[in-house]
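To start, the structure under review is shown below, and the notes come after it.
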Amino acid sequence: MKTKILLIYTGGTIGMAKDYETQSLKPFDFENLLKHIPELSLIDSEISFTGFQNPIDSSDMNPDHWVELAKIIEKNYHVYDGFVVLHGTDTMAYSASAISFMLSGLQKPVIFTGSQLPVGDLRTDAKENLITSIHFASLQENGKPSIREVCIYFEYKLLRANRTTKISAENFDAFASPDYPDLGESGIRLDVRTNVLRVEDESVDFSINTNLNSNLGLMKIFPGMSRSFIENIFATQNMKVMIIEAFGSGNIFSFDWFKELLRKKAEKGLLFIVNTQCAGGMVEIGRYETSEIFKEIGAINGFDLTTEASVAKTIHLLGQNLSSEEFKSQYEKDLRGELTYLKQY
Ligand code: ASP
């Protein structure tokens with residue numbers, strides 16, 4: 001029996017066309033995309049299409065769009081064997097990470113892909129990315145989908161969505177998973193590394209969680225950051241969580257005024273998450289004296305989370321109305337394969 005795959009088009013370069021007045025790329029409709037990939041009819045799967053009514057450049061994505069996407073998957077979950085989401089590359093890693101947290105009991109593949117050049121371009125990477133994503137989504141073993149998690153497929157690599165980050169604005173090889181092995185590779189054959197795939201508990205029914213809350217801040221620190229800039233950021237109303245992208249293993253400047261500011265904010269209930277600016281390795285609070293302040297204020301350890309996964313996890317957990325203790329304990333747990341620092345491969 002043919003596998004049934006649903007393509008969900010949200011926008012992005014893959015389906016864009018040039019506006020000849022302004023010379024800039026604008027999202028275009030789905031028919032245009034299909035017209036350029038007649039090869040889709042040769043694929044040995046039954047492919048259906050749906051998507052956002054108004055496709056967008058992914059820079060305009062926000063949590064409302066994630067909800068829309070999760071609902072499309074929920075509505076079609078039992079009808080299809082797999083889902084391929086066409087999405088702009090700019091915020092793909094954010095959306096794909098968010099979807100990984102919003103879906104529970106996932107037993108089917110949800111593969112995000114896009115392209116660096118529009119589908120109508122002679123040298124486009126759209127065809128390979130789309131066709132191979134559909135192939136990966138169609139893989140089955142003993143009548144069950146081989147891949148049962150949210151992934152990003154791009155330029156011959158299948159990656160875990162919430163371990164992935166965009167690394168290039170121009171190379172076809174635009175995404176990497178710096179701290180977790182690639183899940184698969186496309187060569188003459190499609191190679192899936194089953195030992196690193198996520199295995200979700202089969203007794204958990206599929207469901208979506210659309211409660212999200214974006215009352216968070218994200219601050220990348222740098223040497224010479226001015227006091228007034230920092231104080232202004234911390235004066236933001238209603239901020240519940242501040243993610244700090246610290247140096248190295250979670251270190252930060254040790255000015256007295258800064259430490260005092262963190263203490264005051266923490267006392268008032270602001271939660272701090274510490275991530276590292278490094279692409280590899282993880283946060284170890286307390287390893288250096290310059291991270292002691294984080295220990296003192298009970299900051300949450302982001303370990304080796306990508307920025308994208310960290311933001312998405314925060315927005316998801318803030319939406320669950322947890323107590324500070326519960327939030328911290330959930331955040332430091334591996335919920336969807338986004339924290340893998342303890343495992344060996
Ligand atoms: N700005 C585009 C987007 O993210 C870039 C792309 O698709 O590659 O929608």
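Worth knowing before you read on, the calculation uses all heavy atoms, side chains too, and leaves out hydrogens, waters and symmetry mates. All ligand and atom numbering here is 1-based and tracks the order in the structure. If you're wondering where the values come from, they're calculated on a predicted model, not measured in any experiment.
The shortest N or O to N or O distance between T91 and ligand 1 is not below 3.5 Å. Not one N or O of K166 is nearer than 3.5 Å to an N or O of ligand 1, by distance alone.
Of all the listed residues (T89, D125, L86, D90), D90 holds the heavy atom that lies closest to atom 1 (N) of ligand 1. Distances from atom 4 (O) of ligand 1 to the heavy atoms of P118, S58, G15 show the closest one on S58.
Formation of a donor-acceptor pair under 3.5 Å by the T124 side chain with backbone atoms of P118 is found in this model. T132 contributes no side-chain N or O that, together with a main-chain N or O of N129, makes up a donor-acceptor pair within less than 3.5 Å. A side-chain donor-acceptor contact under 3.5 Å links S291 to the backbone of Y288.
Contact atoms of ligand 1 toward S115: 8 (O) (distance under 4.0 Å to a heavy atom of the residue). Contact atoms of ligand 1 toward G12: 7 (O), 9 (O) (distance under 4.0 Å to a heavy atom of the residue).
Heavy atoms of A174 come nearer than 4.0 angstrom to ligand 1 in no pair at all.
There is a side-chain donor-acceptor pair under 3.5 Å between K166 and T89. If you check the side chains of D90 and S58, you find no donor sitting under 3.5 Å from an acceptor.
The single protein non-hydrogen atom nearest to atom 6 (C) of ligand 1 is T13 OG1, 2.7 Å, given as residue, atom name and distance.
Between F112 and Y153, the distance separating the two ring centers is not shorter than 6.0 angstrom.
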